[in-house]
Amino acid sequence: MSSTNNILVVNSSARKTRSISRELSVLFTESFRAHKPCNITQRDVGMNPPSFITEDWIAAAFNSPEQRSAEQKSILQESDQLIDEVVRSDIIVLGAPMYNYSMPASLKAWFDLIARVGLTFSFDLSRGDYPIEPVLRDKKLVLLSSRGEFAFAPGGERAHLNGLDPALHACAHYLGVEQECVNSIVVEYEEFKDKRWLDSLEQARQQTRQLAYQMAGAAS
Ligand SMILES: Cc1cc2nc3c(=O)[nH]c(=O)nc-3n(C[C@H](O)[C@H](O)[C@H](O)COP(=O)(O)O)c2cc1C
């Protein structure tokens with residue numbers, strides 16, 4: 001970890017107000033900053049969704065950099081900028097609500113633009129059955145999520161419906177994050193607005209403060 005802490009915050013809630021994942025991302029960065037100076041980059045894909053990849057995008061991404069046309073370079077500019085933000089970060093905070101049992105489309109679009117051969121992963125069939133390897137290293141990921149229903153954790157009654165947490169963990173390597181460096185904090189019961197929700201929310205707030213202090217301390 002570098003002595004300067006660069007935090008990239010990616011929020012994907014479509015709600016500008018009343019968003020719990022946004023509230024937790026603010027709490028994380030404020031708690032971290034209270035303990036240690038840091039540079040914070042905000043990438044709000046919920047308010048400004050990234051482009052979807054296209055056939056032209058894929059052709060440009062898989063063409064070698066020396067052979068790319070001016071148009072192909074231009075097609076990749078948005079992806080270049082988003083990847084640059086990831087490269088410059090030490091900690092990536094993802095505000096990731098559950099939408100239809102998965103991640104918001106805006107966040108998936110962000111991941112699709114981040115996953116770039118030669119920049120965030122390498123592909124080599126000589127590695128056998130696991131040809132993909134990450135390029136980036138040593139970053140930490142903070143997942144801050146909220147969901148309306150409950151019991152999505154392994155062993156829970158809705159675990160089989162959880163298309164969000166496994167997908168986020170699977171994509172972590174594109175960000176240069178090892179599985180043991182993924183920290184996940186979840187609020188459940190949001191649709192019920194009952195005591196179970198209030199308890200879940202309060203617990204998540206405490207966990208978020210604690211994680212921020214711990215990461216700020218560990219980063220010094
Ligand atoms: C479009 C949409 C789809 C949703 N789909 C689910 C879902 O599949 N499962 C669930 O438990 N909650 C679902 N919810 C509830 C959200 O996960 C919940 O409201 C959460 O707090 C949203 O995050 P935010 O507060 O940061 O905006 C959905 C909400 C919206 C707006």
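Note that the numbering runs from 1 along the sequence shown for the chain.
- Remark: Glu202 engages Arg205 in a salt bridge, criterion side-chain N to carboxylate O under 4.0 Å.
- Checking side-chain atoms of Ser12 against main-chain N and O of Pro104 turns up no donor-acceptor pair under 3.5 Å.
- Judged by distance alone, with hydrogens and angles left aside, the side-chain atoms of Arg33 form no donor-acceptor pair with the main-chain N or O of Ile40 at under 3.5 Å.
- By the 4.0 Å N-to-carboxylate-O rule, Lys73 lies too far from Glu78 to be salt-bridged with it.
- In this structure the side chain of His169 reaches within 4.5 angstrom of the side chain of Leu143, judged on heavy atoms.
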(request) Run the numbers on Tyr101 and His160 for side-chain contact (heavy atoms from CB on, under 4.5 Å), then give the verdict. (result) CA-CA 10 Å; Tyr101 301 103; His160 64 295; over 6 Å; no
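- How far CE of Met103 is from CG of Asp165: 10.0 Å, rounded to the nearest 0.5 Å.
- The closest donor-acceptor contact from the side chain of Thr29 to the backbone of Ser25 lies under 3.5 Å.
- Taking 4.5 Å as the limit, some side-chain heavy atom of Gln42 sits within range of a side-chain heavy atom of Val9.
- Panel note: side chain Arg15, backbone Arg18; a donor-acceptor pair is recorded below 3.5 Å.
- Taking a cutoff of 4.0 Å between a charged side-chain nitrogen and a carboxylate oxygen, Glu190 and Arg147 do not qualify as a salt bridge.
- A donor-acceptor contact shorter than 3.5 Å links the side chain of Ser31 to the backbone of Leu27.
- Looking only at atom types and distance, the side chain of Arg43 has no donor-acceptor partner in the side chain of Ser89 under 3.5 Å away.
- Under the 3.5 Å distance criterion, the side-chain polar atoms of Lys140 are left unmatched by any main-chain donor or acceptor of Glu178.
- The nearest pair of heavy atoms linking Ser19 to Arg22 is OG-N, 3.0 Å.
- In this structure, Val26 is not a member of the same hydrophobic cluster as Met215, with clusters built from ILVMFWY side-chain heavy atoms closer than 4.5 Å.
- Two residues are said to be in side-chain contact when any heavy atoms from C-beta on lie closer than 4.5 Å; Leu94 and Leu168 meet this criterion.
- Taking both residues in full, the closest heavy atoms of Ile7 and Cys38 are given as CD1-SG, 3.9 Å, listed atom of the first, atom of the second, then distance.
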(request) List the steps, then state whether side-chain contact (heavy atoms from CB on, under 4.5 Å) holds for Asn5 with Lys36. (result) CA-CA 8 Å; Asn5 291 283; Lys36 191 171 174 82; 2.6 Å; yes
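- Side-chain contact, Ser126 with Asp124: a donor N or O sits under 3.5 Å from an acceptor N or O.
- Glu188 places a side-chain N or O within 3.5 Å of a backbone atom of Ala151 that can act as its donor or acceptor partner.
- One N or O on the side chain of Thr208 and one on the backbone of Ala204 form a donor-acceptor pair closer than 3.5 Å.
- No donor-acceptor pair under 3.5 Å is formed between the side chain of Asn6 and the backbone N or O of Asp90.
- Contact detail for Ser106 and Pro50: the closest heavy-atom pair is O-CD, 3.5 Å.
- Electrostatic pairing of Lys16 and Asp44 does not count as a salt bridge here, judged by no charged N lying under 4.0 Å from a carboxylate O.
- Aromatic ring orientation, Tyr189 versus Phe150: parallel (interplanar angle below 30°, classes split at 30° and 60°).
- Outside the 6.0 Å centre-distance limit, the rings of Phe32 and Tyr213 are not counted as a close aromatic pair.
- The minimum heavy-atom distance between His35 and Gly217, with the atom names listed, is CD2-N, 3.7 Å.
- There is no path of hydrophobic side-chain contacts, each under 4.5 Å, that joins Leu24 to Phe152.
- Qualifying ring-ring contact (aromatic ring centres under 6.0 Å, His included) partners for Phe121, counting only residues two or more places apart in sequence or in other chains: Tyr174.
- Within 6.0 Å of NZ on Lys193 lie more than 12 heavy atoms contributed by other residues, nucleotides or ligands.
- Judged by distance alone, the side chain of Ser21 and the main-chain N or O of Ser145 form no donor-acceptor pair under 3.5 Å.
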